[in-house]
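What follows is one structure encoded as structure tokens, with my remarks underneath.
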Amino acid sequence: MCSHFYGMTFDLERRKRSAFQASLTAKSIGETALVDLRASACVIHRLDKQIEAAPGNALFLYRQAAGAAWIEAVDRRHRFVVETSTLAMGDSDLPFATAPTDGHEFNCTILKIPFARIDPWADPTVQYSAQGVQPSAGIGALLTAYFDAFCREIDYLDSKAADAALQTLAQLTAAARDTASSVTDRGRDAVLAARRQMVREFIECNLHRADLTPAMTVRALGISVFIVHFAPRSVWRQPNCGNPSKTMIDRESIPFFMRCKYQKIAEPG
């Protein structure tokens, strides 16, 4: 099953094979696919012989949907744990192994990003083995926020929008693994897009707040006020003259994932 997509193999004790269960769903996005994998506990390998038989020429971006899993970069004998809602990445043509922790099942999302989408100025001879992504700060936080939104919204995007979102994700991934500088035009655009996505997420989570303003958003996220200028005035809380106790929000002006045009929100208290 997995080998059809990514040239991987399952390793499972013989006595457990009769009870093994797995499901895999894939959403095509241009030349690649976004894959959701659920599987009973086992070890999944991509080792030298699989790489030689089916070169990937890509980066794997891995998101742990639930539970936790360990990933081992075989080439440098380094093992790390990917917790729920966090990411890992690695070169498809360097060996690795992975398994759920504590015997839990696999529950993850995998995106294979072709190197053709990575910044063309990156050195193609440089390979990066599997590594975790720090989700709490910096480029890792931007990549995590953007990938979460990408997975959530991909079904609502037409092919052109999906391709553009995939390209932005590719540039963020490249920046996170240090093969592309965020000061290049495309890298800078990708970082800006991700920061704007963080603003959208923050607005969505705080629509109920009476103090939702650009200044409050800038302070909370620790970003430049320039980043929030993309959001039109109607995003921010404005009095509803027909009912002073409520506020009208034009949600359609928050692009990408807001699909309800208006929402009335009661003032607290």
Side-chain angles (χ1 to χ4, degrees), residues 1-115 127-135 143-144 147-155 162 166 169 173 177:
M1 178 183 65
C2 233
S3 61
H4 178 70
F5 287 94
Y6 295 136
M8 301 179 192
T9 57
F10 290 91
D11 187 3
L12 188 66
E13 295 178 45
R14 186 177 296 276
R15 62 184 177 84
K16 296 182 179 179
R17 291 178 184 177
S18 61
F20 180 81
Q21 294 183 330
S23 66
L24 188 151
T25 59
K27 167 76 175 180
S28 290
I29 311 168
E31 73 278 37
T32 189
L34 185 68
V35 175
D36 289 319
L37 173 66
R38 297 285 296 271
S40 302
C42 63
V43 178
I44 296 178
H45 297 282
R46 180 163 164 80
L47 303 178
D48 290 335
K49 61 181 180 180
Q50 287 88 28
I51 293 169
E52 184 177 353
N57 299 312
L59 281 177
F60 285 136
L61 189 58
Y62 174 104
R63 180 183 184 275
Q64 188 70 26
W70 58 260
I71 299 177
E72 181 175 351
V74 176
D75 60 310
R76 57 193 177 99
R77 299 182 180 180
H78 172 67
R79 181 178 292 192
F80 59 93
V81 174
V82 187
E83 304 286 353
T84 300
S85 300
T86 62
L87 304 180
M89 67 176 72
D91 194 310
S92 66
D93 294 335
L94 286 176
F96 65 87
T98 180
T101 60
D102 301 323
H104 295 156
E105 68 173 13
F106 270 110
N107 189 345
C108 61
T109 301
I110 306 169
L111 180 66
K112 183 179 178 181
I113 304 176
F115 281 131
Q127 293 180 299
Y128 283 73
S129 56
Q131 59 185 278
V133 175
Q134 172 55 253
L143 176 59
T144 300
F147 190 46
D148 285 350
F150 181 85
C151 294
R152 184 174 60 247
E153 298 301 318
I154 190 62
D155 288 338
L166 178 60
L169 192 56
T173 304
R177 72 157 208 170

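When reading the values below, keep in mind they use all heavy atoms of this one structure, side chains included, and skip hydrogens, waters and symmetry mates.
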Task: Heavy-atom check, side chain of D11 versus side chain of I44, under 4.5 Å - done: no
TODO: Measure the shortest side-chain to side-chain distance between K27 and D155 over non-hydrogen atoms and say whether it is less than 4.5 angstrom.
DONE: yes
Task: Main-chain N/O of E105 paired to S40 side chain as donor or acceptor, under 3.5 Å - done: no
- [ ] Check the pair Y62 / C108 against side chain to side chain contact (heavy atoms under 4.5 Å, CB included), numbers first and verdict last.
- [x] CA-CA 7 Å; Y62 174 104; C108 61; 3.6 Å; yes
Task: By salt bridge (charged side-chain N to carboxylate O under 4.0 Å, His left out) - contacts of E13 (at least two apart) - done: R15, K16
TODO: Would you check if the side chain of D91 reaches a backbone N or O of D93 as a donor-acceptor pair within less than 3.5 Å?
DONE: yes
- [ ] Flag the pair C42 / F20 as yes when at least one side-chain heavy-atom distance between them is below 4.5 Å, and no otherwise.
- [x] yes
Task: Residues R77, E72: salt bridge by 4.0 Å N-O rule - done: no
Task: Side-chain touch L143/M89, heavy atoms, less than 4.5 angstrom - done: yes
Open item on the list: Are the side chains of V74 and L47 in contact, using a 4.5 Å heavy-atom criterion?
Closed with: yes
Open item on the list: Could you check whether any side-chain heavy atom of F60 comes within less than 4.5 Å of a side-chain heavy atom of L111, counting everything from C-beta outward?
Closed with: no
Open item on the list: Any side-chain to backbone donor/acceptor pair from R46 onto G7? Under 3.5 Å, distance only.
Closed with: yes
- [ ] Evaluate the side-chain proximity of I51 to P95: yes if any heavy-atom separation is below 4.5 Å, no if none is.
- [x] yes
Open item on the list: Going by side-chain contact (heavy atoms from CB on, under 4.5 Å), T109 matches just one of L87, L37, D36. Which one?
Closed with: D36
- [ ] Answer yes or no: is there a donor N or O on one side and an acceptor on the other, between the side chain of T84 and the main chain of G67, under 3.5 Å?
- [x] yes
TODO: Mark yes or no for whether T32, through its side chain, and K112, through its backbone, hold a donor-acceptor pair below 3.5 Å.
DONE: yes
Open item on the list: So L34 and I154, do their side chains get closer than 4.5 Å, heavy atoms only?
Closed with: yes
